[in-house]
Amino acid sequence: KAGVTQTPRYLIKTRGQQVTLSCSPISGHRSVSWYQQTPGQGLQFLFEYFSETQRNKGNFPGRFSGRQFSNSRSEMNVSTLELGDSALYLCASSTQGRSSTEAFFGQGTRLTVV
Amino acid sequence: LAKTTQPISMDSYEGQEVNITCSHNNIATNDYITWYQQFPSQGPRFIIQGYKTKVTNEVASLFIPADRKSSTLSLPRVSLSDTAVYYCLVGDHPGGNEKLTFGTGTRLTIIP
């Protein structure tokens, strides 16, 4: 079956702009989580959605937001982009979103802010 | 939050068995231990998961002592393609919801 699909794969934006990233989970998976990965901070949890509800949130400013649709697809939005937002953004899906289930990651969206 | 500690980096020769140990002193009763592998510019990939004792699958083994305060990922007969970053995670259940907490990981380099 198809894996987790993230679009676009690469993106270049200028400071102050906003960006929307998309994640299509594996069919049947209801939990979608988002992570930011940078060389300096490593992999950091942004938020998790389950059945269209945000269940958990990491320590990121309000400029980072997300949503999940009824088909479990999820979008992440970053407003007023800053240079420090340049990162690989990863999405992961799982059936229940609990540590006892395997999380499947997409290949990520590489965002560069100039 | 259960925090993990792993070596920053390790080197090994092809064909050797590699053991990566992770410490998680504050592991909670309901927490599982999971290992992921990540290649550059790709998302992490699940390797193995366990709760206690030993778990083995087609790519690795996971050893967990009785106190569960540490775990060891064992990769048998490594090859160059095993060069990657390996993350040890302990399940986090704030309010019953999921939040995977990745540490710094162990950068494993396989030498020909």
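Quick note on labels: first sequence line is chain A, next is B, and so on, each numbered from 1.
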**Prompt:** Is the CZ atom of Arg73(A) crowded by more than 12 outside heavy atoms at less than 6.0 Å?
**Reply:** yes
**Asked** Where on Tyr51(B) is there a heavy atom nearer than 4.5 Å to chain A: the side chain, the backbone, both, or neither?
**Response** neither
**Straight-line distance of Glu102(A) CD to Arg45(B) CZ, nearest 0.5 Å** = 9.5 Å
**Message:** Within the structure provided, determine whether Tyr36(B) and Phe105(A) are in side-chain contact (heavy-atom separation under 4.5 Å).
**Reply:** yes
**Request:** Side chain from CB out, backbone as N, CA, C, O: work out which of these in Gln37(A) comes under 4.5 Å of a heavy atom of chain B, or both, or neither.
**Result:** side chain
**Asked** If you count the non-hydrogen atoms of other residues, nucleotides and ligands that lie under 6.0 Å from CZ in Arg9(A), is the total more than 12?
**Response** yes
**Prompt:** Hey, quick one: are Ile64(B) and Ile48(B) part of the same hydrophobic cluster, counting side-chain heavy atoms closer than 4.5 Å, chains of contacts allowed?
**Reply:** yes
**Request:** Go through the steps for Gln38(B) and Leu43(A) under the test side chain to side chain contact (heavy atoms under 4.5 Å, CB included), then give the verdict.
**Result:** CA-CA 11 Å; Gln38(B) 186 179 26; Leu43(A) 262 162; 4.0 Å; yes
**Same apolar cluster: Phe63(B) and Tyr87(B), side chain cutoff 4.5 Å** = no
**Asked** Under 6.0 Å from the CD1 atom of Ile111(B), do we count more than 12 heavy atoms belonging to anything else shown?
**Response** yes
**Asked** Looking at Pro44(B) and Leu90(A), what are the two nearest heavy atoms and their distance?
**Response** CD-CD1, 3.8 Å
